[in-house]
Every structure is written in C-alpha cells, then in structure tokens.
Amino acid sequence: MDSLTELKFAAKKEHKKVVSVANAEDENILQVVKIALEEDLCQFLLVGDELKIMKLAKQIGLNLYNWREKVTIKHETDITNIAQSAIRAVKQEQADIVMKGKIPTKKVLKAVLHKEKGLRTGKVLSHVAVFEVPSQEKLVLLTDAAMNIAPDIQQKAIIVENAVKVAQNIGISLPKVAALAPVEVINPAMQSTIDAAALTQMQRRGQIENCLIDGPLAFDNAVSKDAAVQKGISSDVAGDADILLVPSIEVGNALYKSFVYYAQAKVAAIISGAKAPLVLTSRADPIESKLHSLSLAIMTATTK
C-alpha cells in the first residue's frame, strides 16, 4: 500500500473487529465512532458512563440505538474500573483492539501491563507510526517516538521486531530498516552508531528475522538515494528505508512532529507488543489521524 487511504480500504475488507474504547465519554472520540460506523470500518464496545455517552452521542447526531448490532455500551463510572474493563474485554476475546478515550494514558497502560489481568506478552511495548509524506512514493514507518526513552540494544531489537510485524501486516513483506545515527561510521563516543552496527550484524546472522537492517545511517542517507550515492553508501536499505529506527525518544519525537508539521504528513499510529494493538492517540490529534490509526490497528489485530 502506498497511502493511508489504501490502508483504510484494506481495513474495511477485514472481518469487522471490535474496538474497546476506554471511557467513550468524549465528543471527539464519539465523532470517530460515528464516522467509523458510517464507513463500516469496525464495531465498538464503549466503556464509561452510559448516560453521559448517550447524551454526548445525541449531541453530535449519533443515535446509538440505531447501531445496536455494532455498538455495545459497558456502564462504568470509576476511571480505574473503566480501564480494567476495556482491557478485560480484549483478554476475554470480546474485543480485538483497545482505544484510549477520555482517560490518562498511564491508566490504560497500567491495566495493559497487569501481570494477571493485562495483555502482556513479555515483550517491550513500542510506538509504531506509519506516515504518508506528500513528497514520498510509499508509506514509511517510524519507531519509537513515544514509549521507550533510551532503549538498549536488546530493547531496540524487539522494537524492530514489533515494527516489522506492523509493516508486514500492511503489505511490506521484507521491510528495510534503517538504524539511524548522526553519522555513517562507528564512533565509540556515539552509542547510537554502536547499536546500529550491532543490530545490522544481528539481522545478518539471523537473530532478527523477516527484514533487512543497515546502520548506522544518517537520516538523509536512509531516505534519499541521491544522498546515499553522494556519500558512497551502497546497500539495499540506504535511500529506500521502510522503517526508521530512532536511537532515542527525543529523536523520534522530533522526527514525528517534523513530518506532521513541516512535511504535512498524514499519520496512523499504534502501540505494538501487547496481545492486541493499542490506539493511544492524543485528544489533540485530528479525527482523520484517529481513523487512520484505527485502520492500522484493524490490519494488525489477530483474527479471532
């Protein structure tokens, strides 16, 4: 797929997944629910105060009684119980995806990471963003811009694996991973270059599968064939990366926001590594981004 529109069309063809919304008492979230229902994207379990949800839905022209076959409301008023109930629905296979509503992210993650009642797999959870950049001819993934602050080499290997699974689920069979660093040579004073080189060798020796990794690569050499040629870098990844692996959350956050605000990119994002994809978008994110993120989650959710 070359665009997020194609991603949404593909998601519509999937078996209709159920999205468990942790506290749907939010006008913006209900707008997303309304559009998703009208476009036949998925089904919903709305967790929260039923009367308040119904009232807000009516205000935006969403008559939930007309969608009784595709929407269920689970009445909860305590914020901790709301988070636990939303996660429990997925654990009990009543839902396939978790989406954050009007609730702190830490509340949702605490419920997800609960040893007995959560959705832990033993793997690192990581943020995977998929961008449609106007100047590029294909979708590009960025990881990790929101979860892991300063991952070590083992954590980076799992972050790569999480992103590779997402890439494969959206049609990139053998994703090319650029391990980013400021320079293209190993510098003992720059841990990012050492980690990038190690990840490259780990992939070549079969420790990281189903992808191609090259690094260290500076950003320009990862995304521009011309820049790679000018610097004499020859590899299958340089200039054609599908996945950009950042060395730290600071780099990831800056790149993410640069894509959106400077490059006018459209974005979809999920948290990967749990037993189900998590859609933890910000309340400030536009409705379009939340719908794209739902589409991405649908494509990566395990079919029942």
Side-chain angles (χ1 to χ4, degrees), residues 1-21 29 31-45 67 69-71 90 93-100 119 126-145 160-177 209-212 240-244 256 259-260 263-281 285-304:
M1 319 170 185
D2 298 324
S3 71
L4 293 179
T5 299
E6 289 184 32
L7 177 68
K8 185 164 71 171
F9 284 149
K12 287 182 180 182
K13 295 177 182 178
E14 290 291 308
H15 167 74
K16 299 307 174 193
K17 302 291 194 297
V18 178
V19 180
S20 179
V21 181
I29 284 292
Q31 288 281 9
V32 174
V33 172
K34 182 174 184 288
I35 296 171
L37 289 170
E38 291 171 348
E39 296 189 357
D40 197 26
L41 188 61
C42 55
Q43 303 177 66
F44 289 93
L45 170 64
W67 296 99
E69 292 184 0
K70 293 188 176 182
V71 178
V90 175
E93 298 189 347
Q94 298 167 351
D96 309 282
I97 295 161
V98 178
M99 184 173 191
K100 182 174 84 76
L119 303 174
S126 57
H127 185 269
V128 183
V130 180
F131 287 95
E132 180 185 332
V133 183
S135 62
Q136 302 299 307
E137 296 180 353
K138 65 177 183 178
L139 297 174
V140 62
L141 285 72
L142 176 72
T143 192
D144 176 346
V160 169
E161 291 173 355
N162 288 345
V164 166
K165 287 182 179 179
V166 173
Q168 291 181 318
N169 281 319
I170 63 172
I172 307 172
S173 58
L174 187 67
K176 301 172 182 179
V177 183
E209 299 179 327
N210 303 315
C211 65
L212 298 174
D240 193 32
D242 298 301
I243 299 173
L244 302 175
Y256 184 106
F259 287 167
V260 172
Q264 309 303 312
K266 296 178 181 179
V267 62
I270 61 170
I271 304 298
S272 183
K275 291 180 179 178
L278 315 175
V279 180
L280 303 184
T281 52
D285 288 338
I287 289 174
E288 181 185 47
S289 291
K290 291 179 179 177
L291 286 167
H292 288 322
S293 296
L294 268 183
S295 298
L296 181 60
I298 288 166
M299 295 301 293
T300 58
T302 302
T303 303
K304 288 197 228 177

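Hydrogens, waters and symmetry mates play no part in the numbers below; they use all other heavy atoms, side chains included.
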Can you find a pair of side-chain heavy atoms, one from [X] and one from [Y], that are under 4.5 Å apart?
X	Y	value
Leu119	Val98	yes
Val90	Ile97	no
Val21	Val32	no
Glu161	Lys165	no

Once you round to the nearest 0.5 Å, how far does [atom1] of [X] lie from [atom2] of [Y]?
X	Y	atom1	atom2	value
Ser289	Leu296	OG	CG	12.0 Å
Thr300	Ile271	OG1	CD1	11.0 Å
Leu212	Ile243	CG	CD1	10.5 Å
Ser173	Gln168	OG	CD	7.5 Å
His292	Leu7	NE2	CG	8.0 Å
Leu139	Glu137	CG	CD	12.0 Å

Can you check whether [Y]'s main-chain N or O pairs, donor with acceptor, with [X]'s side chain at less than 3.5 Å?
X	Y	value
Lys138	Asp240	yes
Gln43	Val71	no
Ser293	Ile270	no

So, for [X] and [Y], which heavy atoms are closest and what is the spacing to 0.1 Å?
X	Y	result
Ile298	Cys42	CD1-CB, 3.9 Å
Leu37	Phe44	CD2-CD1, 4.0 Å
Lys17	Asp96	CA-OD2, 3.4 Å
Ala269	His127	CB-NE2, 3.5 Å

Any chance you could lay out the side chain to side chain contact (heavy atoms under 4.5 Å, CB included) test for Asn162 and Val166, step after step, and finish with the verdict? CA-CA 7 Å; Asn162 288 345; Val166 173; 5.9 Å; no
Identify, with sequence neighbours excluded, every residue that meets side chain to side chain contact (heavy atoms under 4.5 Å, CB included) alongside Lys12.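 Per chain and number, Lys12 pairs via side chain to side chain contact (heavy atoms under 4.5 Å, CB included) with Lys8, Phe9, Lys16, Glu39, Leu41.
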Looking at Glu38 and Lys34, is there a salt bridge between them, counting it only when a charged N and a carboxylate O are closer than 4.0 Å?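 Salt bridge present between Lys34 and Glu38.
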Verdict with reasoning, Gln31 to Lys290, per side chain to side chain contact (heavy atoms under 4.5 Å, CB included): CA-CA 10 Å; Gln31 288 281 9; Lys290 291 179 179 177; over 6 Å; no
Using the rule side chain to side chain contact (heavy atoms under 4.5 Å, CB included), only one of Asp144, Val177, Thr143 pairs with Val160; which is it?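 In the set Asp144, Val177, Thr143, the residue that makes a side chain to side chain contact (heavy atoms under 4.5 Å, CB included) with Val160 is Val177.
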Determine all donor-acceptor pairs shorter than 3.5 Å in which one atom belongs to a side chain in residues 128-136; sequence neighbours excluded.
{"unit_1": "Glu132", "atom_1": "OE1", "unit_2": "Leu4", "atom_2": "N", "d": "2.9"}

Step by step, work out the side chain to side chain contact (heavy atoms under 4.5 Å, CB included) result for Ile29 and Met99. CA-CA 9 Å; Ile29 284 292; Met99 184 173 191; 3.9 Å; yes
